[in-house]
Amino acid sequence: MTIPSAAAGLEGTGFSVPTRVPRQRSLRGLERQATRQTLETLAAGVVDAFGDTSCCGACGGAAKDFASNDGALPDGWERRETTWQQALGPLPEGFEVRLEAESAANATAPLFVESPPKLSVNTVNFFEYELTTTDTVPTRRYGPLAELVADLGALGVQIVRHPGRVQLMLDEVLIDHMVPVSATVSAVPFSLADATALDEAVQASPVLARILDLVTELRAQNVELQLIITMITLGGGGGTAAVPVLSIDDDGDGIETTYTHAIPCSWTDEWRNQVVYDDLADMDQPFNRATAAGDPSLAEWDARTLDPRNPAKRAFYRNFARPIGRWLQAHEADLADVLAGIEICNEAEIRQVIRQADGVLAPDGRAWGWLYYSCASALREECDWVPLWLPSIASYAPDATTGILSWQGKVAYLTELLDTIEAQRTADVVLDSFGSLRPRFERWELVDGLDYHWYHRAQSAKVEPKDPGDRQLLLWLPLELAELRRTLNDRRFTKVILSVTESAVNVLCHQDAADRTWDAGYPAGCEPGAVPTDDPPPDYRPTLVECPAGVPLSSGREAPANAFQAAMVWMRILAALVGGARIAGWHTHVARLPTEVFAGTGMRQDLHANDAGIENAGARASWYALRRLVELMATVTAVRLAWPALPVDRDSFKTRLGMGLWADTELVWVVELENASHFWRWTGTGDTIRPLGLGSTGWWAYVLFIDGTAGVKDPVTVPACATVSLRADLGTDLYRVTLEPSSLVSGTGSADSFPAEVWTPGPVEHVERSGRYSGLFDRYDVRVGLGQWPVLLLSTAQLVDVTDVAVGGTIS
């Protein structure tokens with residue numbers, strides 16, 4: 001068998017492409033197919049779905065063992081003893097609580113009922129083309145379809161969100177592809193106001209054909225991958241062309257509202273003074289909503305914006321959704337196991353916003369709720385299986401307390417969005433078999449998922465001191481996911497999946513960066529030959545600290561860029577899973593130009609010239625890190641934060657930080673993964689690598705690291721080193737897996753293939769016990785350092801608890 005070049009070199013290294021389950025219809029699709037019946041047959045399921053999901057368990061667990069630990073601490077270190085603590089609170093839909101009093105480690109644990117969680121990559125540039133002013137035909141960039149699919153197969157991820165040029169944005173489906181490729185921006189023609197013409201345009205769109213081409217390639221290579229595709233607009237993630245500002249008495253209350261930051265969308269002159277029939281309102285809606293208010297100068301707003309507040313445009317988008325739904329239904333056999341969701345808009349809360357009297361920009365959840373229901377209900381009328389996702393929520397700014405960039409603004413937006421969807425749902429009624437009116441759709445039919453973006457990359461200043469930017473402690477992420485879950489549950493949207501697919505740090509280095517070298521046999525720093533840039537500046541990286549046992553603390557240089565990015569793949573994804581995300585991943589696969597905001601975030605090198613072939617896009621250590629995490633997570637059924645104790649909620653966490661009641665030991669993380677997958681043990685010397693299986697499923701994994709991402713909004717000190725003491729039942733075998741690779745051998749790629757590469761994994765060592773607790777338990781002391789890759793421990797049994805975290809030295 002010929003191994004695709006993207007996967008070449010994996011054989012003999014201990015890597016194996018994860019075992020794939022047979023293709024099957026999604027549970028959601030089967031559920032919908034079985035339950036689209038009359039109200040009385042749904043009653044039992046509705047009661048179950050809408051029941052009280054905010055139950056909490058009680059803390060259980062073994063009492064503390066206060067026996068003295070063996071060994072003295074170095075000067076300047078401190079010791080804290082505690083039981084294995086678990087945070088309680090409302091559990092996501094599909095989670096359960098287990099209480100086992102005999103073991104504190106089992107106290108309260110959210111379990112993935114449909115396990116395991118899925119790992120993802122955001123933005124893979126399928127079918128990406130570039131057109132310059134001198135081109136007569138588009139030229140491909142980022143590689144051919146077959147090579148991109150092969151690389152994802154080797155990587156092993158299960159989800160791709162924003163899959164290149166196969167998304168259902170209005171301009172992608174209707175505008176750019178209705179005419180020959182052109183450098184000019186097209187406008188929506190009035191001819192598409194006719195439903196038949198619109199249907200024909202959608203069905204003829206090359207975008208839909210590309211989806212099928214992608215699915216065909218996935219099947220040809222036996223790559224089990226699912227897609228989350230965005231529809232209508234990229235919103236905050238799209239273009240930023242200048243658009244007008246609108247001030248209008250929108251509600252007829254005599255008070256003008258100002259709308260700004262609109263999403264660009266051009267409409268031809270023929271639309272002026274026309275109407276579109278709105279079947280939800282059963283009336284014709286005027287296209288010129290602005291000029292109907294009496295100000296002809298506002299016609300520019302109507303002609304140049306997407307405008308979710310315009311009922312005529314919403315009716316048009318609803319008509320646009322119907323043929324897409326029909327196409328999806330017609331291709332159910334091809335797509336049901338590949339399409340994980342249609343996301344209606346992206347980062348909508350930061351576009352077309354309301355400028356308040358005090359100047360604050362407030363999100364318009366009501367307008368986006370109207371648009372969402374218009375499109376979601378139309379899709380559901382035509383297609384009974386496709387999952388539907390709310391507009392994803394953009395990352396916030398820690399120093400913002402109000403408005404679209406604040407966390408408070410995000411929650412207010414989601415609340416108003418859900419309330420509006422619910423109001424629309426309850427107003428859209430049909431007669432049931434008893435002759436009574438009921439909503440046409442249940443909540444679970446309209447909303448399947450919500451994606452939350454969490455960047456907080458914190459770019460460095462060109463000169464010292466470093467600009468903390470929006471750097472954030474990782475503990476904010478699970479607490480914010482919990483608050484999003486509570487908001488969904490409070491409004492009885494209890495079956496919604498939460499995901500975090502957009503999270504990243506870049507690997508750009510300063511012009512004078514000292515770590516632009518090959519370290520430890522692979523590019524731990526910047527890529528050799530790459531031209532570092534200060535525009536945009538590189539992301540903040542913590543100090544790299546070596547913490548050998550028995551040696552005084554010594555701080556080193558800034559953590560190498562590629563190694564830091566790889567470590568953050570583990571840390572951020574695990575933080576999302578701790579918070580209840582069912583899908584978590586990285587942005588992006590291969591990023592765009594170095595001058596763009598996501599330069600250097602790619603898991604493959606993206607600092608080469610824009611028109612260069614993908615032979616320059618070698619895998620970074622982050623690619624290798626995600627590959628290892630995918631393999632470990634293949635059968636995981638639960639992810640728990642063993643240390644520190646997760647705060648009750650975001651508000652209490654913020655209060656504690658503000659009062660200075662946060663200990664530096666709580667910057668040390670211990671994450672427990674239940675039922676970890678088969679992992680390899682590498683032994684041997686020289687060129688001989690002999691894989692020995694540690695075992696299959698049933699293992700317990702523990703990931704330990706120091707969170708060094710605190711910013712000025714997190715008034716804490718970060719420990720340089722920590723020793724974590726773990727208590728285990730007698731006879732437990734513990735192995736330490738070195739996550740950082742020991743070397744990389746890279747071959748030569750081509751314009752159509754990534755370089756063939758062989759990563760040599762680090763060693764696996766048996767961990768010797770450090771002492772005993774009262775003769776009843778073994779104690780294992782594990783050292784971790786700031787700026788290092790996480791420590792991975794594999795255990796033959798569940799550990800009893802974390803008894804002690806001692807820290808030495810701090811980094812302000």
Q: In plain terms, say whether Arg161 and Glu343 are close enough for a salt bridge, that is, a side-chain N and a carboxylate O under 4.0 Å apart.
A: yes

**Q.** Selection residues 152-174 - residue pairs positive for ring pair (Phe, Tyr, Trp, His ring centres under 6.0 Å), sequence neighbours left out
**A.** none

Q. Does Leu641 reach the side chain of Pro478, with side-chain heavy atoms less than 4.5 Å apart?
A. no

(Q) Can a donor-acceptor pair be found, under 3.5 Å and without considering hydrogens, that links the side chain of Thr709 to the backbone of Gln472? (A) yes

Q.
As a quick check of understanding, evaluate side chain to side chain contact (heavy atoms under 4.5 Å, CB included) for Tyr452 and Leu414, giving each step before the final call.
A. CA-CA 11 Å; Tyr452 176 46; Leu414 178 60; over 6 Å; no

Q. Looking only at atom types and distance, does a side-chain atom of Arg491 sit under 3.5 Å from a main-chain N or O of Asp419, one as donor and one as acceptor?
A. no

(Q) To the closest 0.5 Å, what do you measure between CG (Leu577) and CG (Leu498)? (A) 12.0 Å

Q. With a distance cut-off below 6.0 Å to the six-membered ring centre and an angular limit of 45° from the axis, does Arg471 pair with Tyr540 as a cation-pi contact?
A. yes

Q.
Quick one: does any side-chain atom of Thr588 pair with a main-chain N or O of Ala591 as donor and acceptor, under 3.5 Å?
A. no

Q.
Arg314: which residues meet the salt bridge (charged side-chain N to carboxylate O under 4.0 Å, His left out) condition with it, sequence neighbours left out?
A. none

**Q.** Arg351 (side chain) donor-acceptor with Ala262 (main chain) under 3.5 angstrom
**A.** yes

(Q) Just to verify, what does Asp399 make a salt bridge (charged side-chain N to carboxylate O under 4.0 Å, His left out) with, not counting sequence neighbours? (A) none

Q) Is there a donor-acceptor contact under 3.5 Å linking the side chains of Tyr259 and Gln352? A) no

Q: For residues Phe126 and Leu152, determine if any side-chain heavy atom of one lies less than 4.5 Å from a side-chain heavy atom of the other.
A: yes

Q | Where Gly708 and Val718 come nearest, the two heavy atoms and their spacing | A | CA-CG1, 3.8 Å

Q. Between Ala321 and Cys375, what is the shortest heavy-atom contact and its length?
A. CB-O, 3.8 Å

Q. If you round to the nearest 0.5 Å, how far is OG1 of Thr233 from CG of Leu168?
A. 12.5 Å

(Q) Please enumerate all residues that pass ring-ring contact (aromatic ring centres under 6.0 Å, His included) together with Trp669, with sequence neighbours excluded. (A) Phe705

Q: Compare every heavy atom of Leu225 with every heavy atom of Ile159, then report the nearest pair and how far apart it is.
A: N-CD1, 4.0 Å

Q | Note, His587 side chain near Phe598 side chain (heavy atom, < 4.5 Å) | A | yes

Q. Any chance the side chains of Asp451 and Ser392 put a donor and an acceptor closer than 3.5 Å?
A. no

(Q) Keeping Thr260 on the side-chain end and Val245 on the backbone end, is there a donor-acceptor pair under 3.5 Å? (A) no

Q: Output, in order, the C-alpha distance, side-chain angles, deciding distance and verdict of side chain to side chain contact (heavy atoms under 4.5 Å, CB included) for Trp454 and Leu481.
A: CA-CA 10 Å; Trp454 208 83; Leu481 288 169; over 6 Å; no

(Q) If I take atom CD1 from residue Ile497 and atom CG from residue Leu390, how far apart are they, to the nearest 0.5 angstrom? (A) 12.0 Å

Q. Has Arg650 got its NZ or CZ under 6.0 Å from the middle of the six-membered ring of Tyr396, at an angle within 45 degrees of the ring axis?
A. yes

Q: Would you confirm whether Arg457, through its side chain, and Val505, through its main-chain N or O, come within 3.5 Å as a donor-acceptor pair?
A: no

Q | Side chain Lys313, main chain Thr305, donor-acceptor under 3.5 Å | A | yes

Q. Just by distance, do the side chain of Arg541 and the backbone of Ala559 share a donor-acceptor pair under 3.5 Å?
A. yes

(Q) Tell me if the aromatic rings of Tyr317 and Trp368 count as close, with their centers under 6.0 Å from one another. (A) no

Q | For Arg318, all residues meeting salt bridge (charged side-chain N to carboxylate O under 4.0 Å, His left out), sequence neighbours excluded | A | Asp279, Glu381

Q: Would you name the heavy atoms of Leu234 and Thr230 that are closest together and state the gap between them?
A: CD2-CG2, 4.4 Å

Q: Would you mind reporting whether Ile344 and Leu379 have side-chain heavy atoms less than 4.5 Å apart?
A: yes

Q. With side chains defined as the heavy atoms from C-beta onward, is the minimum distance between Ile404 and Pro363 less than 4.5 Å?
A. yes

Q | Separation between CZ of Arg640 and CG of Leu673, rounded to the nearest 0.5 Å | A | 9.0 Å

Q: Flag the pair Arg620 / Gln605 as yes when at least one side-chain heavy-atom distance between them is below 4.5 Å, and no otherwise.
A: yes

Q: Would you please test His589 and Asn125 for side chain to side chain contact (heavy atoms under 4.5 Å, CB included) and show each step?
A: CA-CA 8 Å; His589 180 246; Asn125 293 300; 6.0 Å; no

Q | N/O donor-acceptor pair under 3.5 Å between Trp389 side chain and Ala340 backbone | A | yes

Q) Do Glu558 and Phe564 come within less than 4.5 Å of each other through their side chains, counting heavy atoms only? A) no

Q: Would you sort out whether Met568 and Met571 count as a side chain to side chain contact (heavy atoms under 4.5 Å, CB included), showing the intermediate values?
A: CA-CA 5 Å; Met568 291 305 293; Met571 295 179 192; 3.7 Å; yes

Q) Should Leu475 and Asp707 count as side-chain neighbours, where that means a heavy-atom distance under 4.5 Å? A) no

Q. Measuring from Ile229:CD1 to Leu328:CG, what's the distance to the nearest 0.5 Å?
A. 8.0 Å

Q. Are the charged groups of Asp151 and Arg604 less than 4.0 angstrom apart, N to O?
A. yes

Q | Over all atoms of both residues, closest heavy-atom pair of Leu739 and Trp789 | A | O-CZ3, 3.4 Å

Q.
Please enumerate all residues that pass salt bridge (charged side-chain N to carboxylate O under 4.0 Å, His left out) together with Arg572, with sequence neighbours excluded.
A. none

Q. Shortest non-hydrogen contact from Leu450 to Leu488?
A. CD2-CD1, 4.5 Å

Q. Can Asp490 and Thr487 be counted as having a side-chain donor-acceptor contact under 3.5 angstrom?
A. no

Q | N/O donor-acceptor pair under 3.5 Å between Thr601 side chain and Ala504 backbone | A | no

**Q.** Approximate separation, where rounding is to 0.5 Å, of Phe127 CZ and Leu145 CG
**A.** 4.5 Å

